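Quick notes on the structure that follows.
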There are 2 protein chains.
Amino acid sequence: MGWEGVRDEVLRRIRARDWAPGEVIPGEEALAVEFGVARATVNRALRDLAEAGLLERRRKAGTRVALLPVRKATLEISIIRQEVEARGEVYGHRVLESRMEGVPLAVALRMGVAAGARMMFLETLHLAGGRPFAHEVRWLNIAVLPGGVVPDFGEVSANEWLVQNVAYATGDIEFSAESARPEEAAALGIRAGDPVFVTERATWTAEAPITFVRLLHGPGYRLRTMV
Amino acid sequence: MGWEGVRDEVLRRIRARDWAPGEVIPGEEALAVEFGVARATVNRALRDLAEAGLLERRRKAGTRVALLPVRKATLEISIIRQEVEARGEVYGHRVLESRMEGVPLAVALRMGVAAGARMMFLETLHLAGGRPFAHEVRWLNIAVLPGGVVPDFGEVSANEWLVQNVAYATGDIEFSAESARPEEAAALGIRAGDPVFVTERATWTAEAPITFVRLLHGPGYRLRTMV
DNA sequence: TACCATTTGTGCGTATGTATG
DNA sequence: CCATACATACGCACAAATGGT
């Protein structure tokens, strides 16, 4: 039995309530003996379940079944082109606006910079099969661009360019539902006031903020994930 | 240097583009020699980065820097009571409806059962500080309830009861933006047509479907995550 | 196709580090 | 302060996948 076998058997016991929520389960050494495997193998299995939120492990206190297991759903954030192509449609995008601009206060707060800091402002419409798919508004800190050169975002979208060139950064994401503002509705080809799915994302490296994006998807868009 | 040290150094090299996207990095053995650690330690570090989507590993082919790193955001799905209390507000809930009912087609499809299958229908309003926080509509397969006994969902919410009693199951989640229907708007104390943030979640065990929930949050609600 | 060489994946036994009851 | 249980590490071995001959 490998570590996945151990994990599955432990999971079965948790689900079968052989080990009740809150209860301390046998130690690694005891389980290793019972299953006839090395302690490291048990460790690997239990660590996996702890990462999934089903077990809570503390030195000396031992391992216990989580009382209120926090379900962790993993969202895979792909670039928009991939998302569109995964639907079997042809991707395209149009840059609607591109200029230098001072960031508004709300954006400055999210990016951790002073309000009015000058950044590149980009407004882009993403298309699926020629029809509007998502509306993007982005502030971009050109100071962090490699070589200080601003790429041609008419060629490759800023979304994709950043993933390939300034990626491997950290960030936070917020999802919400809003009413489409008139300009947004016009860009997306929907009615003002229609509900839009909003994704707002701030990205930064250890040194500096990189970009803040506000992405709007029209009615019918669904963000899916598996648990 | 421990495995986290190895991971951080590898991450630094990726960000610094010492190793470019798509490029094969040195093998585990070589890195182990370079860092002066055991191969298992390098393995642990690289496995971690691969899980994060920054590396792609294949036997024989080696380890390469991901060309298009898929950002994996982890959502921690907590029970609504915790979410409300985390905001420093008092949680409460009211059961608006509770009856046996055949499931509609859309729900049947999501749950993988025949349309019209009889399940328990529950409509609940979750309160934060006495004010509507979320509106919940749920179909529940009472066949899977331990002992076949239906708990008193006036006491503990179905949400919380299920997490504690039928938890450790799998499922899928969908998020979307919709317009509040008149009944929903009335329950939430908002205007019909206002945008609502919709969470739909189907849960099942290996044997049978457990429950399908449709959860509505009114304007202002934001789902946050860190990358 | 068949086989081989390479690289990652996993396992074992042991030892030491570290948080903590 | 100590005993305990998890966390990590080492070195070795073999398995499994797979790119290339």
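Keep in mind that this is a model prediction, so the values were computed, not measured. Each chain gets a letter, A, B and so on, in the order its sequence line appears, and its residues count up from 1.
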Next on the checklist: Any non-hydrogen side-chain atom of A/Arg15 less than 4.5 Å from a side-chain atom of B/Thr205?
Outcome noted: no
Next on the checklist: Does any part of the side chain of A/Val42, heavy atoms only, come nearer than 4.5 Å to the side chain of A/Glu34, both counted from C-beta?
Outcome noted: no
Item to check | OP1 or OP2 of C/dT7 under 4.0 Å from side-chain N/O of B/Thr63 | outcome: no
Checklist entry - Any chance CZ of A/Arg13 has more than 12 other-residue heavy atoms, nucleotides or ligands included, within less than 6.0 Å? => result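 Yes, enclosed.
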Checklist entry - More than 12 foreign heavy atoms under 6.0 Å from CZ of A/Arg58: is that the case here? => result no
Checklist entry - Do the rings of A/Phe133 and A/His217 sit parallel, tilted or perpendicular, given the 30° and 60° boundaries? => result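 The rings of A/Phe133 and A/His217 stand perpendicular, inter-plane angle above 60°.
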Next on the checklist: Can you tell me how the ring of A/Tyr221 sits relative to the ring of A/Phe197, calling it parallel under 30°, perpendicular over 60° and tilted otherwise?
Outcome noted: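 Aromatic pair A/Tyr221/A/Phe197 classed tilted.
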Send over the distance from [X] [atom1] to [N] [atom2], rounded to a whole Å.
X: A/Phe35; N: C/dG11; atom1: CZ; atom2: P; value: 13 Å
X: A/Glu4; N: C/dG9; atom1: CD; atom2: P; value: 12 Å
X: A/Leu31; N: C/dC12; atom1: CG; atom2: C1'; value: 17 Å
X: B/Glu29; N: C/dA5; atom1: CD; atom2: P; value: 18 Å
X: B/Leu46; N: C/dT10; atom1: CG; atom2: C1'; value: 15 Å

Checklist outcome for this item: CD (A/Glu200) and CG (A/Leu216) are apart, to the nearest 0.5 Å, by 8.5 Å
Checklist entry - Is there a donor-acceptor contact under 3.5 Å linking the side chains of B/Thr124 and B/Arg138? => result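 The criterion, which ignores hydrogens and geometry beyond distance, is not satisfied for B/Arg138 and B/Thr124.
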Checklist outcome for this item: Ordered by number, residues from residues 55-62 of chain A within less than 4.0 Å of DNA chain D (heavy atoms) are A/Arg57, A/Arg58, A/Arg59, A/Lys60, A/Gly62
Next on the checklist: Return whichever of B/Thr41 or A/Ile25 has its heavy-atom-nearest nucleotide of DNA chain D closer to the 5' end.
Outcome noted: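 With B/Thr41 and A/Ile25 compared, the 5'-side residue is A/Ile25.
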Checklist entry - Which of these passes side-chain contact (heavy atoms from CB on, under 4.5 Å) with B/Arg214: B/Glu178, B/Glu174, B/His135, B/Arg110? => result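 Exactly one pass, corresponding to B/Glu178.
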Next on the checklist: Both distances below 3.5 Å, Watson-Crick or wobble geometry, any strand: find the nucleotide opposite C/dT8.
Outcome noted: D/dA15
Checklist entry - Just checking B/Arg44: base, sugar-phosphate only, or nothing, at a heavy-atom cut-off of under 4.0 Å? => result sugar-phosphate
Item to check | Bounds of contact between DNA chain D and chain B, in 5' to 3' order, using a heavy-atom cut-off under 4.0 Å | outcome: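 With heavy atoms of chain B under 4.0 Å away, the range is D/dT8 to D/dG19.
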